[in-house]
Amino acid sequence: MDFESIAKLLMRNSDKEFVQRILSPSEYPTLDNGDGSYSTHSMAWSDIDDGHIVYPTVVFKKGKLVRLDDDAAVDHALKTGKYIKFAKPEDADAFSQDYKKFWDGK
């Protein structure tokens with residue numbers, strides 16, 4: 001997925017908190033991964049009955065970032081509406097891997 005497509009998709013979904021964290025990561029805390037690295041995001045995608053969704057596996061709760069396992073993350077996304085829906089699995093997969101291109105600006 002190219003930068004322009006990612007930027008447009010993020011802007012269309014800018015009402016979602018996890019997208020706001022992608023758009024302005026410096027305004028949120030980081031999550032210590034325990035190996036000397038830090039994360040602000042982690043994304044995954046799943047099939048649902050009527051399409052495919054991309055959702056965060058790192059979520060913002062009570063002022064801090066929390067990493068959820070896959071089952072908890074998809075449940076959280078479906079309960080809260082914190083996901084982006086795609087018609088094709090290849091598009092969901094591409095966005096879940098390429099969204100960080102937004103930070104590179106290319």
Side-chain angles (χ1 to χ4, degrees):
M1 194 170 236
D2 65 30
F3 170 79
E4 188 173 315
S5 298
I6 292 166
K8 286 179 182 178
L9 186 61
L10 291 171
M11 294 306 153
R12 283 196 307 269
N13 289 278
S14 64
D15 61 316
K16 295 175 174 61
E17 178 272 324
F18 75 95
V19 172
Q20 293 168 12
R21 287 190 290 123
I22 295 170
L23 296 172
S24 302
S26 63
E27 295 179 19
Y28 294 88
T30 58
L31 180 65
D32 186 342
N33 294 318
D35 62 1
S37 67
Y38 293 86
S39 294
T40 58
H41 290 80
S42 178
M43 304 286 278
W45 72 276
S46 292
D47 296 317
I48 58 171
D49 290 340
D50 60 344
H52 318 278
I53 59 170
V54 173
Y55 53 91
T57 59
V58 171
V59 299
F60 191 62
K61 288 185 173 185
K62 299 180 182 176
K64 65 180 185 174
L65 295 176
V66 177
R67 185 176 307 278
L68 302 177
D69 66 34
D70 290 341
D71 291 336
V74 75
D75 287 345
H76 176 77
L78 291 170
K79 286 178 186 171
T80 62
K82 294 180 180 178
Y83 61 84
I84 299 172
K85 192 170 179 184
F86 293 83
K88 296 189 259 178
E90 55 270 18
D91 292 339
D93 182 47
F95 181 77
S96 72
Q97 294 182 52
D98 295 343
Y99 72 94
K100 290 181 180 182
K101 288 180 181 177
F102 180 78
W103 296 326
D104 297 334
K106 48 185 165 180

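Residues: numbered from 1 along the sequence shown.
Residues K82 and Y55 have side chains not in contact (no heavy-atom distance under 4.5 Å, counting atoms from C-beta outward). Counting only heavy atoms from C-beta outward, the side chains of H52 and S46 never approach each other to under 4.5 Å. Within the 4.5 Å cutoff, the side chain of E17 has no heavy atoms near those of the P56 side chain. A heavy-atom distance below 4.5 Å is found between the side chains of F86 and V54. Residues L65 and V59 form no side-chain contact, since every pair of their non-hydrogen atoms from C-beta on lies 4.5 Å or further apart. Using a 4.5 Å heavy-atom threshold, the side chains of L78 and I48 count as touching. Here the side chains of V19 and M11 are not in contact, with every heavy-atom distance at 4.5 Å or above.
Expressed to the nearest 0.5 Å, how far CZ of F95 lies from CD1 of I6 amounts to 7.0 Å. Y38 OH to D32 CG: the interatomic distance, rounded to the nearest 0.5 Å, is 4.0 Å. In this structure, CZ on F18 lies 8.5 Å from CG on L10, to the nearest 0.5 angstrom. For the atom pair CG of N13 and CG of L23, the computed distance is 10.0 Å after rounding to the nearest 0.5 Å. Here the NE2-NZ distance, from H76 to K61, works out to 5.5 Å after rounding to the nearest 0.5 Å. Rounded to the nearest 0.5 Å, atoms OG1 (T57) and CG (D71) are 12.5 Å apart.
There is no side-chain donor-acceptor pair under 3.5 Å between T40 and Y28.
Summarising the geometry of K16 relative to G81, their closest heavy-atom pair is CE-O, 3.7 Å, with the distance given to 0.1 Å. When every heavy atom of P29 is checked against every heavy atom of F60, the shortest pair comes out as CD-CE1, 3.5 Å.
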Problem set entry | Derivation and outcome, side-chain contact (heavy atoms from CB on, under 4.5 Å), residues V58 and L68 | CA-CA 6 Å; V58 171; L68 302 177; over 6 Å; no
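Within a 6.0 Å radius of CG in D49, no more than 12 heavy atoms belonging to other residues, nucleotides or ligands are found.
Each of I53 and W45 belongs to its own hydrophobic cluster when Ile, Leu, Val, Met, Phe, Trp and Tyr are linked at side-chain heavy-atom distances under 4.5 angstrom. Criterion: ILVMFWY side-chain heavy atoms under 4.5 Å apart, direct or through other members. Under it, F3 and I22 are part of a common hydrophobic cluster.
Between the Q20 side chain and the S14 main chain, a donor and an acceptor come within less than 3.5 Å of each other. When atom types are taken as modelled, the side chain of S96 and the backbone of D93 share a donor-acceptor pair closer than 3.5 angstrom.
Ion pairing of K101 with D2 is absent here, as no side-chain N (NZ or NE/NH1/NH2) approaches a carboxylate O to less than 4.0 Å.
Relative orientation of the W103 and Y99 rings is perpendicular, given thresholds of 30° and 60° on the angle between their planes.
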